[in-house]
Amino acid sequence: MMDPNHFLMIMLSRFELYQIFSTPDYGKRFSSEITHKDVVQQNNTLIEEMLYLIIMLVGERFSPGVGQVNATDEIKREIIHQLSIKPMAHSELVKSLPEDENKETGMESVIEAVAHFKKPGLTGRGMYELKPECAKEFNLYFYHFSRAEQSKAEEAQRKLKRQNREDTALPPPVLPPFCPLFASLVNILQSDVMLCIMGTILQWAVEHNGYAWSESMLQRVLHLIGMALQEEKQHLENVTEEHVVTFTFTQKISKPGEAPKNSPSILAMLETLQNAPYLEVHKDMIRWILKTFNAVKKMRESSPTSPVAETEGTIMEESSRDKDKAERKRKAEIARLRREKIMAQMSEMQRHFIDENKELFQQTLELDASTSAVLDHSPVASDMTLTALGPAQTQVPEQRQFVTCILCQEEQEVKVESRAMVLAAFVQRSTVLSKNRSKFIQDPEKYDPLFMHPDLSCGTHTSSCGHIMHAHCWQRYFDSVQAKEQRRQQRLRLHTSYDVENGEFLCPLCECLSNTVIPLLLPPRNIFNNRLNFSDQPNLTQWIRTISQQIKALQFLRKEESTPNNASTKNSENVDELQLPEGFRPDFRPKIPYSESIKEMLTTFGTATYKVGLKVHPNEEDPRVPIMCWGSCAYTIQSIERILSDEDKPLFGPLPCRLDDCLRSLTRFAAAHWTVASVSVVQGHFCKLFASLVPNDSHEELPCILDIDMFHLLVGLVLAFPALQCQDFSGISLGTGDLHIFHLVTMAHIIQILLTSCTEENGMDQENPPCEEESAVLALYKTLHQYTGSALKEIPSGWHLWRSVRAGIMPFLKCSALFFHYLNGVPSPPDIQVPGTSHFEHLCSYLSLPNNLICLFQENSEIMNSLIESWCRNSEVKRYLEGERDAIRYPRESNKLINLPEDYSSLINQASNFSCPKSGGDKSRAPTLCLVCGSLLCSQSYCCQTELEGEDVGACTAHTYSCGSGVGIFLRVRECQVLFLAGKTKGCFYSPPYLDDYGETDQGLRRGNPLHLCKERFKKIQKLWHQHSVTEEIGHAQEANQTLVGIDWQHL
Ligand SMILES: [Zn+2]
Ligand SMILES: [Zn+2]
Ligand SMILES: [Zn+2]
Ligand SMILES: [Zn+2]
């Protein structure tokens, strides 16, 4: 083999660097001649490259035949170095490894030896992580690293060492020995020319003039020194008796330079450099070199023959250690100060948080207090029986609520007369609870939303991120967003993730998609209930009579008004003619205590709900506005009750703050909205709603009780009632009305359940004698049987009946408890806050109901018998009982996404057999599965485009309009990709619920591993759907990835 010195000389001349290393003053010379900066730069690069080449020549031994390794070692090394950059998923790792001629990486056979597999969480992928014991094999100058990878790996490895409180030096690894043929290559490291190059560069670093050397040059020299030390150590460890170790690097670097220069030894220069302040980064490496040098030296001279050099080294080390200690102390002090500052900031933030959620904190405090009964200011609340409504409602002390505006940071109390504070909110149409997906609003201009059908087919859902602003701060913010957007659109014609023209904006704090705001209010009932009269309150029968009289009076007046041909004088005569019920003053208009700003926000949110819910142009005068507000309140409560029940969570468990705030604001808003609507319009709604249960002569075309969602009816009646009650001075309180309305609707719901119950004849009869409830419900069923002319099915057992009533009415009771809780602010009983059994008795007591619900009928038998008779007389009820039509049964089951097969290949088979429905038998190019209803669609294709609102849209977008009122969740079968769509402009791809054995998805099916259903991920998608978060998810995805905004989603 060639002499290493000769070889390096050739190399120097090839790199045209010979001149430089033979001119000892090169460094000094250039420090003054700044004009040659470019030349120096170029030379530096060449030196770096040359050093790199030497590192490669001596260090790359991992090919069988070059070094004493086999193919497994080679692939192991590749994997170790890829994982040194970062933990990787299976697919990433495969992509980064070199393939052999068979396109195999050979990875599977060795991966276990060098890496741990970390299972995927709900969102991530399965990841391989480098085993800690493999870290020592890391080589910073690994041949397959790109520059970027090298620096990433360096950073990652240093960080890891810091975390483990180790030295952060990254010394060269111990290498396998060369095969005999290449063995002499290592001598390059200890050749005179090499030592000269090392010495020269170290000298430049010692002299420290900025031009002649670079840090990466120094780093390479240090790496080479390290390699040489490792090499010598190896040689010494493997030495056998008869061999003399010829590799004597340590000796050579301890010798000072020869005459004429008399430069210091390499070792001495390293010791000098160790304390150089400008080499902070390389300090660890230099220290490692010195330590290894001492170790090698010790090995070589197994007897302490040269104590001087050694102690010198130790002293050096010691002193540097002291210095290090001082340095660490200083840093620890800085860190402590910073920690203190952060702690102060955090406690400040915490204080803000408590302020923002004062009410919540107070509530919790109160509940704590109620269990220990030490509340002096609220003796009623300490009583264990909490009642949410009615004359016996638990009186809650007025709670002051302070909130901070996220825009101006100013704090304000929520008061009736102060400026409005609002919550960012998002209103959307929903079919999540729908039991009839074929039904949707055909003509929104004519659609009457007053009665919600029990199939809940067209709901309006409201959500909020819970962030609070001043109404005027929000208005200013929204105006500026709007102005900015207009300018941007003129300039760039780009879409954004939100549609400003439709009132959409991103919450200024969390960037959550919003399209309106809800005002924050105090419990509105307290404001209007100041005419409390504790005189005898009427019972249900008397109350229904009084209300019926009032309604009759109102209808009479209304008729008078609508016949203008009569003179005004006659009008008043007729009023005299009409016997006005005692204390009823239909001309009275209550004074609205709200500030102008709050009134404005009541109108804003009401109009937004109306506009989105019905998809019409905003019109704050439309009589349907209040109905939509009540409907959105009822629907949102129902959807949250469903989520809690599905997840077996307690009704009043710890609800996320944003949900709690949203429900509270939404309920109070819906209760206050009538104050900005026309009193007679709201009265009209009340009369009609009331007439659906208590028939009168003027309403004939009302739905039968089988076709009314009772919870929506309850919310509508309760929230419309103040418009009537405010004109009633006879002393009937609002609470009495609430209670009677609630009892009346509950009874109607029980009849609804009994009429539709289908108690299958199974042998599971009870053996005990019937309990009180069972005989009562059996008696009620007999009455029903009588009124329906025996059309009702045979009388099943009382046990069956009571069981189905209890099960059927639970969702209604839970929704009602939530509703009255948020309406009146009565804390929930602690029993319902914990998970457990159905809490039927606790709910009944909180809602002022007897445990035996049938008692309601018995106590009011006089009026109820005639009401039940009138309900059963309805022709639709008759048709149902005769089997001519269907009706919703109770309890309604929760909607779920479709069942997906465990094995993805069966979906592929299903899709490959699917042909386009429009082009006669052609195979569909992009078969796409609706995960809501299971329809297969021919997506992304002209053949199945249809026109929607004057625009061409693809099959998926068209489908969302009927199936999900604009929102859709699809699986693109050929791509194995989940697609979220919302409206025509919004969409994103979402990770599919199918994983391979490595815990990874395969979007695009490029890798072709077998895929299996991941139930957790599918549940997560279903949860997004249940929570109405699909649109929000799209918004976040589009904000994070602007290219998603440009896609024409409507053509999918
Ligand atoms: Zn503000
Ligand atoms: Zn927010
Ligand atoms: Zn569908
Ligand atoms: Zn087609």
Side-chain angles (χ1 to χ4, degrees), residues 352-353 355-357 402-414 418-426 430-432 434-440 457 462-481 498 504-520 597 601 656-659 661-662 665 895-900 917 927-939 944 954-972 978-982 1021-1022 1025 1029-1030 1032 1035-1036 1039 1052:
H352 272 296
F353 179 76
D355 283 348
E356 275 174 36
N357 300 285
F402 294 88
V403 290
T404 308
C405 168
I406 57 165
L407 287 169
C408 70
Q409 302 301 321
E410 210 179 284
E411 192 185 69
Q412 194 188 301
E413 185 176 359
V414 178
S418 59
R419 291 178 302 179
M421 298 298 284
V422 294
L423 277 176
F426 185 69
S430 161
T431 63
V432 171
S434 174
K435 290 285 162 199
N436 183 358
R437 290 190 187 281
S438 59
K439 202 155 108 183
F440 52 97
S457 51
T462 302
S463 57
S464 165
C465 63
H467 290 128
I468 301 169
M469 301 163 268
H470 283 112
H472 61 266
C473 288
W474 167 70
Q475 196 67 57
R476 214 180 305 142
Y477 167 76
F478 184 67
D479 289 346
S480 78
V481 169
Y498 51 98
E504 290 181 355
F505 61 97
L506 301 180
C507 164
L509 196 62
C510 67
E511 302 209 317
C512 190
L513 183 67
S514 313
N515 58 7
T516 184
V517 289
I518 320 177
L520 288 182
S597 146
M601 286 302 121
C657 256
R658 58 183 244 168
L659 259 184
D661 287 346
C662 176
S665 312
N895 286 334
K896 293 202 165 61
L897 292 179
I898 58 163
N899 284 323
L900 286 176
T928 300
L929 183 67
C930 172
L931 293 180
V932 174
C933 70
S935 309
L936 253 179
L937 306 165
C938 170
S939 166
C944 287
C956 285
T957 303
H959 183 74
T960 61
Y961 275 70
S962 55
C963 175
S965 56
V967 175
I969 302 174
F970 300 95
L971 182 68
R972 289 160 64 86
V978 166
L979 168 70
F980 286 168
L981 288 181
I1021 296 174
Q1022 178 163 284
W1025 180 56
S1029 305
V1030 171
E1032 188 187 324
H1036 285 311
E1039 276 304 298
L1052 292 183

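Every number for a ligand or one of its atoms is a count from 1 in the order of the listing.
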Inset, instruction - Please find out if the Zn ion (ligand 2) and some N, O or S atom of Cys512 are separated by less than 2.8 Å. - result: no
Inset, instruction - Search all heavy atoms of Ser418 against all heavy atoms of Glu413 and return the closest pair with its distance. - result: OG-O, 3.4 Å
Inset, instruction - Mark yes or no for whether Ser434, through its side chain, and Asn436, through its backbone, hold a donor-acceptor pair below 3.5 Å. - result: yes
Legend entry - Nearest-0.5 Å distance, OG1 of residue Thr404 to CD1 of residue Ile468: 8.0 Å
Legend entry - Intermediate values then yes/no, side-chain contact (heavy atoms from CB on, under 4.5 Å), Phe970 and Leu1052: CA-CA 11 Å; Phe970 300 95; Leu1052 292 183; over 6 Å; no
Legend entry - For the Zn ion (ligand 2), the closest N/O/S atom belonging to His467: ND1
Legend entry - Distance in Å, Leu506 CG paired with Cys512 SG, rounded so as to fall on 0.5 Å steps: 8.5 Å
Inset, instruction - For the atoms SG of Cys507 and SG of Cys510, give the angle they form at the Zn ion (ligand 2), rounded to 10 degrees. - result: 110°
Legend entry - Any donor-acceptor N/O pair, Glu511 side chain to Pro508 backbone, under 3.5 Å: no
Legend entry - Atoms of type N/O/S from protein, distance to the Zn ion (ligand 1) below 2.8 Å: 4
Inset, instruction - Could you grab the protein N, O or S atoms closer than 2.8 Å to the Zn ion (ligand 3) for me? - result: Cys930 SG, Cys933 SG, His959 NE2, Cys963 SG
Legend entry - Nearest heavy-atom neighbours spanning Thr431 and Ser965: CG2-OG, 3.5 Å
Inset, instruction - List the steps, then state whether side-chain contact (heavy atoms from CB on, under 4.5 Å) holds for His1036 with Leu513. - result: CA-CA 8 Å; His1036 285 311; Leu513 183 67; over 6 Å; no
Inset, instruction - State, to 0.1 Å, how close Arg972 and Ser939 come at their nearest heavy-atom pair, and which atoms those are. - result: NH1-OG, 4.2 Å
Legend entry - Whether Phe505 and Phe478 hold their rings parallel, tilted or perpendicular, with breakpoints at 30° and 60°: perpendicular
Inset, instruction - Keeping the roles fixed (side chain from Ser480, backbone from Tyr477), state whether a donor-acceptor pair exists under 3.5 Å. - result: yes
